[in-house]
Visitor: 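Below you will find the structure I want to go over with you.
Since the structure is predicted, the reported quantities are computational estimates derived from the model, not experimental observations.
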Protein chains: 2
Amino acid sequence: MVDCSQVLKEYNLKVTPQRIAIVEEICLKGHINIDDLFHSLKLKFPSISLATIYKNIHAMLDKLFLSEVQIPNAKSVYELTRELHSHLICKKCNKIEDIQLDTACLVSEVTSKSSFKPEELSVVFTGFCKECR
Amino acid sequence: MVDCSQVLKEYNLKVTPQRIAIVEEICLKGHINIDDLFHSLKLKFPSISLATIYKNIHAMLDKLFLSEVQIPNAKSVYELTRELHSHLICKKCNKIEDIQLDTACLVSEVTSKSSFKPEELSVVFTGFCKECR
DNA sequence: CTGACTGCAAACGTTTTGCACGGTA
DNA sequence: TACCGTGCAAAACGTTTGCAGTCAG
């Protein structure tokens with residue numbers, strides 16, 4: 001398990017109980033949207049404000065500590081920033097899986113076919129997971 | 001040039017001047033967001049309502065006649081549905097280019113590495129276009 | 001002790017809805 | 001003519017902001 005307060009310090013974010021809980025929840029769930037995060041944290045901090053969630057998520061995005069994942073037809077989810085990976089989203093149960101794919105070939109294809117200089121890449125599959133297929 | 005009213009008919013959408021203009025504008029621009037579409041159409045139909053734009057975009061998405069493209073840190077854009085392709089988004093000038101990439105290898109990698117059954121795929125690169133790099 | 005964080009309430013921008021009118025088929 | 005589409009206004013959302021009080025460093 002990640003030491004959440006340590007991680008916050010490394011990213012120059014003041015350590016507060018709310019922030020620790022946010023990081024813990026994201027670690028636990030892997031990916032979470034604002035609403036689910038808010039409702040989970042309400043259990044531990046009944047008076048927590050949605051504004052606090054938004055402000056902290058943005059602070060963590062700004063520090064590149066979190067990444068946003070855009071989901072077709074649903075709210076964005078947030079995850080800890082880590083090695084480039086792709087997402088598999090189930091259209092039935094909405095579960096999000098991570099998968100490591102070889103995207104180097106895509107990058108070189110872009111470079112050879114166009115004059116575009118790629119920096120970031122998002123690869124999202126929608127379909128059906130093992131349980132729902 | 002596409003015959004816009006013919007295309008609307010094929011998708012079982014009643015042909016109205018506003019709808020023709022929406023399709024024409026999307027053909028012309030390739031990709032457009034709601035706001036830009038609204039402002040373009042205002043020139044031709046000064047009394048057009050944003051509600052009309054939203055209702056029609058949704059009608060066309062429902063018929064799978066349009067596709068939505070999610071853009072990191074910006075509003076979604078809409079394009080005519082066509083063959084699977086990827087998007088290159090310039091972080092400086094915000095231009096969106098289409099590119100045909102070989103994504104079959106990604107699909108087979110997903111299939112072999114997981115039990116997920118992929119159906120749709122979104123591949124979006126952000127970086128710098130020829131002019132801005 | 002100081003500046004940053006929290007929670008509240010209000011403001012904001014975007015999208016959706018209901019309704020009366022008008023236009024398409 | 002019957003139904004669907006349009007435009008308007010209001011409502012509903014999701015997100016952001018300002019502020020006063022509180023807490024971390």
Visitor: Please report the distance, rounded to the nearest Å, between NZ in B:Lys9 and C1' in C:dT24.
Guide: 11 Å
Visitor: Below 4.0 angstrom, N of the basic side chain to O of the carboxylate: do A:Lys29 and A:Glu79 qualify?
Guide: no
Visitor: Send over the distance from B:Asp62 CG to C:dT16 P, rounded to a whole Å.
Guide: 11 Å
Visitor: If the threshold is 4.0 Å, N to carboxylate O, is there a salt bridge linking A:Asp3 and A:Lys9?
Guide: no
Visitor: Provide, to the nearest angstrom, the distance between the CG atom belonging to B:Asp35 and the P atom belonging to C:dT14.
Guide: 6 Å
Visitor: Would you kindly give the CG-to-P distance between B:Asp36 and C:dT14, to the nearest whole Å?
Guide: 12 Å
Visitor: I need the CG-C1' distance between B:Leu8 and D:dG5, as an integer number of Å.
Guide: 12 Å
Visitor: Which whole-number value in Å describes the distance from A:Leu50 CG to D:dT16 C1'?
Guide: 11 Å
Visitor: Quick one, A:Val77 and A:Ile96 - any side-chain contact, counting heavy atoms below 4.5 Å?
Guide: yes
Visitor: May I have the distance from B:His58 (atom NE2) to D:dT6 (atom C1'), rounded to whole angstrom?
Guide: 17 Å
Visitor: Just the rounded figure in Å: distance from C1' of C:dA25 to CD1 of B:Ile20.
Guide: 14 Å
Visitor: Enumerate, atom names and distances included, each donor-acceptor pair closer than 3.5 Å involving a side-chain atom of residues 46-53 of chain A, sequence neighbours excluded.
Guide:
{"residue": "A:Ser49", "atom": "OG", "partner": "A:Ala51", "partner atom": "N", "Å": "2.9"}

Visitor: Do B:Glu25 and B:Lys44 meet the salt-bridge criterion of a basic N to acidic O distance under 4.0 Å?
Guide: no
Visitor: Which letters describe nucleotides 4-11 of chain C, given B = protein heavy atom under 4.0 Å from base, S = only from sugar-phosphate, - = neither?
Guide: SSBBB---
Visitor: Under 3.5 Å, side-chain donor or acceptor atoms of residues 63-75 of chain A against the rest of the protein: list the pairs with distances, not counting sequence neighbours.
Guide:
{"residue": "A:Ser67", "atom": "OG", "partner": "A:Thr81", "partner atom": "OG1", "Å": "2.8"}
{"residue": "A:Glu68", "atom": "OE2", "partner": "A:Ser76", "partner atom": "OG", "Å": "2.8"}
{"residue": "A:Gln70", "atom": "NE2", "partner": "B:Ile71", "partner atom": "O", "Å": "3.1"}

